[in-house]
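So the structure is just underneath, and the comments pick up after that.
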Amino acid sequence: MSRRSEIEDVSTLQMTNKKNKRNSEDTSITPRNLKSLPKTLVRSEPKIETDTALLQSLIDGMSNITKIKDFERLDNLITRLRYRNLLRNIDPDLLQDLALRIKTIIEPTLRINYTTEYLEVCQEISPYLEPTKVYLNLAGSPYIDNKVLVDETIEIIMQIIRDSFEKLLIPLANLSNKQSAKLLADMKLQNCMANLCGILESLSGLITRGCLQDYWLMATTNILLKILFTQGLEMLQLSAAQTLSAIFGFYSKMRDQIIDEIIQNLPLMTADPNQAIGSKSKKLVSRDYPVYSDLSIRFCSFLVVHVLQSSCLLSKPIKPDGNLDCEVVLTQYEDTMKLVQYFCTNLAGKCLKSSGGSQDYRIFLEIFINDILKITYCPEFPLASKILGCIILHLFSMVSKGPSTGNLRYYAIERLSDIAKSFRSDIMQIRESPIVPHNIIPMPQTQHPSDNPNSSLCICKKGWSNSSCDMVQCESCWKWFHLDCVGLNLENYTEETWRCDDCRICECMQKFDWKRKTEKSNKKKKGNHRNYEKPASEESEPDTINPIAREIIYATEENEHIYKQLVYNFLISDNSYLKENARCVWLSLWIVKMIVDVDREEDLKEVMSLKEFKQYKKNWLNPPQVATGDFPKLSETGTLKVLKQFLLCFEIGATYTHVQNQIVNLLGASQPLTRSRALKGLAGIVEADPECLAERVIEEAVTDRLLDTSIAVREAACDIIGRFICHNSQFSSLYYQALLERLKDKGASVRKRVIKILKDIIVSNPDHEKMIEILCELIKRIGDETEGIKDAVINTFEYIWFENGTENQFFSTLVKVYKLLNMKEPIIQLFKIAITKGDSYKARIAKISDLASDQLYASSILSNSIVYAKILEILSYVDPAITSQHISTLYLFLTPKYNSAEESELLSSLCVIIEKTTSQMTGQFSQRIQKIETQLLTLVYTQGSGVLASALAALCAIVKDVTHNESLLTQLMKNCFILVSSQRRSKKLDPNILPSLNRAMLVLGLCIKYYNADIYNELQLEQGKQFSESIFDYFKYYCRSEAEGLRERALECLSYAWVRFPHLLQKSENLINDAWKKAVTPETKIRLLNMFQEFLSHCDLKTIEGGDEDHGTLFIAIQGYVGYILTLAKDLDIEVRENAADILKLIHLQGHVNPTIYLPTLFALLADDSIYIRETSFKCIETIFSKNSDIVLINLQPSLQESYDFQINTFKGTRSFTSQSESLYNRLYMLIKDRKTHRNKFLATISKLLEPSANPEFTFYLADLLSSLSFTSSEELTIIFEHINSKLQTNAYRLMRSIKLCCKNNDELSHEELMDTLLILQLFILHYFLSNVYQVKTDEEKSDKPVTKNSDEFPSFSELYEKLWKYHILEKASGEELKNLKKLMKESMDLHSASTDNISSRKRVRKSEEGEKEEYKRNEAEGYY
């Protein structure tokens, strides 16, 4: 019953809700306010005598076609009688008379002349459409007498339909111009199309009765398909779809043809109107089909589902005696599923084709999948989940295709990801708000939502707010709900009262007094059975468990019969053709699941005796009015939610698990891009439900990808974690350690992503338990060689330390960070950058200095005092002016009290602070400074080497900058020299004196290092000898001591002397050579490198006094030591190599050594496994190339050899480290290729080294290097291809003949020929790899045609060559190994021939080899290979 007028009466009542006043009359929006409906709207029971008289009078007045309104009244009367099953009570003769009159009226239509004057034709034919519709409405009614069905009349009507469309509407719409659009919008044509819609709908009833002949059906089908895919006839398309569905359902032999035609035309439909404008393929705009008020899909998607669904009919399985034939139900359901499979298979096949049209089908499939996901839980579309399951299987098949279908695989992965994301979002919704039948406890009735907050708590977990009061009250449990949450529109609501879905479910439970029986003994499988879906609860594997909680699954399984009945009740709200098919599909599915596995007759009888089965049978056989009974019907929103939970707990839940597992399995694919796309799909799942990150399968998958060999994959894995790690603190603990490891990743993008993630963690949760550890890890990256990462770290600490929080919080966090970090350099670097940002940052750091000084003064715990002193030390490095004001108080802590290691650490820090801030001291604290000077001297005499070095550095700084008391230092050095010289005269060193001797030498060396050279010009330690000579003699003596510790100390102190007296370096040549030779351990090597680096850092040849001869001598000495540096640059220990790389960088910057000496080593280091070494080497080469590009190209050949030797000797083989993919050779090539001459010379040099006589492992290394380069022009590839082809044309057939003869004569292939064969195979594989990756033909002329690398789905060169490595270790080849080699050679030759399309290029072989080819073919025919 309609309540529109009543709603209008209370419209003012709804508007007052916005005022938010506490007035029950204004705010209580409930259907109970609507007491009764107007009596005029109450439908009365019809009387057959009255209807018969009215029908007779209308027929009697039917003399011509002018009385259109009489035909409309007649059509309405027939429709009313038809839907009340009263048409059978009308006199058959009266109906026959009506049919004959209509035949007479419409016969003139056969004489209508269809011309291009479309409006005139429309005006002429329109009057005949109403009587045509009346006849079809009558003839299509069930139980009508067959006398009404006159073939001549039907023939005329079919002619009217065919001519109206084929000669009028379709030609007009196909004109596709402004004039045709204007005509189609004309009211006359609009009325004509509206009448034709009614005709098509009425024709559906005639089709269902099976009254049309086959040729009529075929002609109608073709017309309907044209209507569906013609732009401008959108008004007719819904009716055409219904009629086509009727044909599809009742005439099975036309189903395949209809599906094929639909599939053929699907690419014409597009969702983008811009594509339809000016499109060569005449694209059609696919309009939306409104499923519900807030849900719509593309009409083309609706058409497919509606047509497929119409093959399942309620009438077919009903026997003449009124019973249900279960075998027909089963057969009908299986036929429907076969049609689904047929459609999906054909559609997938269209997507798989390599032609250009496949892209259109892929676009449609994407739209179709999205639409299916929208209607999966709509009761009207039960086949949606089946279609989706079938599509998923085909997507699985696309994923498993070979490397040549990379784009198709990526497309399939994206579609699977969309499906999984949608399902996971639905699962999360059900998990958070499940529907579980339970007894409802009513709340106290209230007049307003704000009266009781508990009663106004909606299903969205939100209650009433002052901003809005759009809530409705359930009149059973008296709870309040938001109108949007329950999908309620009061204007369209037709019941007097409104009850929530929970109350309706509870009522449904009370109606059912029986439970579903699940005796598994009756369901044992025997023999061959049809396979249908298993409930997710039957799965036992841990990886296939439904992500929905088991409690929800168990509750859904227990109340399965209730959910099914609620779905059925929703579908019988009206008797539309769509819902009728939906009821049939649902009932078929439920019945089939009960009987499909039953073999024995006794078991079948037992199943059919179950009340559940009887209920299905009752729903099938009885009309909707009887089936409804007193059972409640849920709202649209409630029904969707019930069906969603039901499907997710069973069929779709299992489907989702399989899709998720497929995506997870793809994370282990061999191609990086596949893994990256799979991770992107997994990110969609996590985005839909972040809680899934805690699942074991996904956790392991993501953490494994953090260690992937591809940078892009690792970055994608980090991105997944980063988006959602702040969602739950549990995620932080799961992925925290794995993330920290990625801070050291070789990929800069990965490191940057991790830094952002860690920042998000501590910003979102400042009290995070891992905050200090995170800050420590972040600050370590301040020295990253990538500027972007350094900036990211700085921005993080700016936000945390300098822009937020107080100084006390800053200081407290800094103390904790240093305690855990125990490193000064990163913090120093951070603060140095910070003070350049502005005065505010500098002022905040100064405040930290004050706090540290105060805490140091107040601290009574030594460990805390050390930390505060370390912070002051850090700040003294940053800006000495910040800590200068605290120097005067440090003398209080320079007197040792405990003589412990911890106290030594404190003293060292204090000495460093003094050293760094002496330049800022003034005379106002002169007495305290003198006291500090004395205390420092005491520390030099009494403390260990660590404190001694710091104290002496501070003492020298004070003397130099403040006191100028140089006599104190000279006396100190003299005292130490006396001890050193006295022990030289001893024949045997006393072991007890060794510590003092070590101290004395250290003091001498450090004094030379820390104080300037002016003091040494007049200082003499021995009579008649210069200071430097005396020092050198004694240090030289002790460098040859038997005591290893004394020998190392003497050399160390001598290196300090090199800084002030560079000429001593030449004199130390023999000592240094001996030290290099004796350096075995990494520690010793690093110590020697540091000595040489310190000398180079402080010594510049331009500042050395003396003539050119002295300069040359020193230059020769330095070059002599460079050899040792180059050797250690290729050391097995990575720390040694990093130190050596630093020295090479320093040598390069100073420019004292010819670059040709160290350039090959730098080239080799581009493939080091340390990113620091690679970046350092590249920067040096980049500078060399910018100054003199020729020097790099001239030394390219020795550089390549050096690089190969480096891989062999350092990494023990070219395959143990993926040097080409991780190296910087490609970056170097991108630098070189800016100029064509340099590029061509670079490629030609490498190609010429691919000689048959060369080492095959070296040529493999070069070929692998070429395969790793990124080419952008076909000319680059042509240079390589020309060299390859020249080598192949010269040697390939010759070697193949030798192999053939050896196989024929059972001889051995010599080592030389074996090595030559391996090179030829390398060239074949390299050619095959490059031609496939870049899709370039070898016979293309030189040009700058752009090319693109697409190697992500193609195996790498090393992977293609993998099976040939076993031949590298052979001296000779014979037997099976030779046969396999021959097979590989033949396959390579065939691949090469296939990739060369130009026949003329194959005829460039010399004429002398023609005979060899012929002989090769003859032997092939004889079976030699």
Quick one: CD1 on Ile1280 to CG on Leu1266, what's the gap to the nearest 0.5 Å? 4.5 Å
Mind listing the closest non-hydrogen atom pair of Gly783 and Gln829 along with its distance? CA-OE1, 3.7 Å
side-chain contact (heavy atoms from CB on, under 4.5 Å), that's the test. Do Gln1201 and Phe1258 meet it? Break it down for me. CA-CA 8 Å; Gln1201 186 65 50; Phe1258 177 57; 3.6 Å; yes
Test applied, side chain to side chain donor-acceptor pair (under 3.5 Å); reference residue, Glu873; option that passes from Ser908, Ser950, Ser909: Ser909
Identify the two heavy atoms, one from Leu1165 and one from Ser1177, that lie closest to each other, and give their separation to 0.1 Å. CB-OG, 3.1 Å
Whether the side chain of Ser676 engages the backbone of Leu673 through a donor-acceptor N/O pair (distance < 3.5 Å, no angle test) should be reported. no
Of Arg742, Arg753, Lys756, which is the lone residue that meets salt bridge (charged side-chain N to carboxylate O under 4.0 Å, His left out) with Asp719? Arg753
Return the CG to CD1 distance between Leu1132 and Ile1134, rounded to the nearest 0.5 Å. 11.5 Å
Looking only at atom types and distance, does a side-chain atom of Arg1047 sit under 3.5 Å from a main-chain N or O of Ser1041, one as donor and one as acceptor? yes
Is the side chain of Thr1084 donor-acceptor paired with the backbone N or O of Val1080 at a distance under 3.5 Å, no angle test? no
Quick one: does Ile1008's side chain get under 4.5 Å of Phe1061's, heavy atoms only? yes
Is the closest basic N to carboxylate O distance between Arg1227 and Glu1175 below 4.0 Å? yes
Determine the minimum heavy-atom distance between Ser1270 and Lys1233, stating which atoms define it. O-NZ, 3.7 Å
Donor-acceptor pair, distance only, cut-off 3.5 Å: does the side chain of Arg1239 make one with the backbone of Asp1234? no
Evaluate Trp1076 against Leu1128 for side-chain contact (heavy atoms from CB on, under 4.5 Å), listing each step before the verdict. CA-CA 10 Å; Trp1076 284 117; Leu1128 293 183; 3.2 Å; yes
Provide the closest heavy-atom pair for Leu1193 versus Phe1242 in the form atom of the first, atom of the second, distance. CD2-CB, 4.2 Å
What do you reckon, are the aromatic ring centroids of Phe1163 and Tyr1225 less than 6.0 Å apart? yes
ring-ring contact (aromatic ring centres under 6.0 Å, His included) against Phe1178, all qualifying residues, sequence neighbours excluded: none
State, without any angle test, whether Tyr1229 and Glu1276 hold a side-chain donor-acceptor pair at a distance under 3.5 Å. yes
Can Cys1180 and Tyr1158 be said to form a side-chain contact (heavy atoms from CB on, under 4.5 Å), step by step? CA-CA 10 Å; Cys1180 294; Tyr1158 55 83; 5.7 Å; no
With a 4.5 Å cut-off on side-chain heavy atoms, are Ser1203 and Leu1166 touching? no
Give a yes or no answer on whether the side chain of Asn1209 reaches the backbone of Asp1205 with a donor-acceptor pair at less than 3.5 Å. yes
I want to check something: taking the side chain as every heavy atom from C-beta on, are Glu1362 and Trp1365 in contact at a cut-off of under 4.5 Å? yes
What verdict does the side-chain contact (heavy atoms from CB on, under 4.5 Å) test give for Leu740 and Glu777, after you've listed the backbone C-alpha separation in whole Å, the side-chain angles of each residue and the deciding distance to 0.1 Å? CA-CA 7 Å; Leu740 292 187; Glu777 295 299 329; 3.6 Å; yes
Check: Tyr1124/Asn1073 side-chain N/O donor and acceptor closer than 3.5 Å: yes
Heavy-atom side-chain proximity of Asp1142 to Gln1093 below 4.5 angstrom: yes
Would you kindly say whether Asp708 and Ser710 are connected by a side-chain donor-acceptor distance under 3.5 Å? no
Residue pairs passing the salt bridge (Lys or Arg N to Asp or Glu O under 4.0 Å) test where at least one lies in residues 1126-1136, sequence neighbours excluded: Lys1085-Asp1131, Lys1130-Glu1202
Hey, are the side chains of Lys780 and Leu743 touching, using non-hydrogen atoms and a 4.5 Å cut-off? no
Aromatic rings Phe1357 and Tyr1361: how do their planes relate, parallel, tilted or perpendicular, breaks at 30° and 60°? parallel
Value for CD1 (Ile782) from CD1 (Ile827), rounded to nearest 0.5 Å, stands at 11.0 Å
According to side-chain hydrogen bond (donor to acceptor under 3.5 Å, both in side chains), does anything in residues 1180-1197 pair up with another residue at least two apart or in another chain? List the pairs. Ser1189-His1238
Identify the heavy atoms of Pro1160 and Ser1199 that sit nearest to each other, and give their distance. CA-OG, 3.5 Å
Does any donor atom in the side chain of Arg751 or Thr786 lie under 3.5 Å from an acceptor atom in the other side chain? yes
Polar contact flag, side-chain donor to acceptor under 3.5 angstrom, Tyr1261-Glu1257: no
With rounding to the nearest 0.5 angstrom, report the OG1 to CG distance, Thr1259 to Leu1318. 8.0 Å
Could you check, using the six-membered ring where one of them is a Trp, whether Trp1058 and Phe1092 have ring centers closer than 6.0 angstrom? no
Roughly how far, to the nearest 0.5 Å, is CD1 of Ile1181 from CD1 of Ile1191? 11.5 Å
Do Leu1200 and Leu1262 make a side-chain contact, defined as non-hydrogen atoms from C-beta onward lying under 4.5 Å apart? yes
dist Ser1068:OG -> Asp1074:CG (nearest 0.5 Å) comes out at 11.5 Å
Shortest non-hydrogen pair, Val817 vs Cys776, comes out as O-SG, 3.4 Å
Counting N and O atoms only, with roles assigned by atom type, does the side chain of Arg675 sit under 3.5 Å from a partner on the main chain of Val713, one being a donor and the other an acceptor? no
Could you tell me whether the side chain of Cys1007 reaches within less than 4.5 Å of the side chain of Leu952, counting heavy atoms only? yes
Would you say Thr836 and Lys832 make side-chain contact, with heavy atoms under 4.5 Å? no
Arg781 side chain vs Lys790 backbone, donor-acceptor pair below 3.5 Å: no
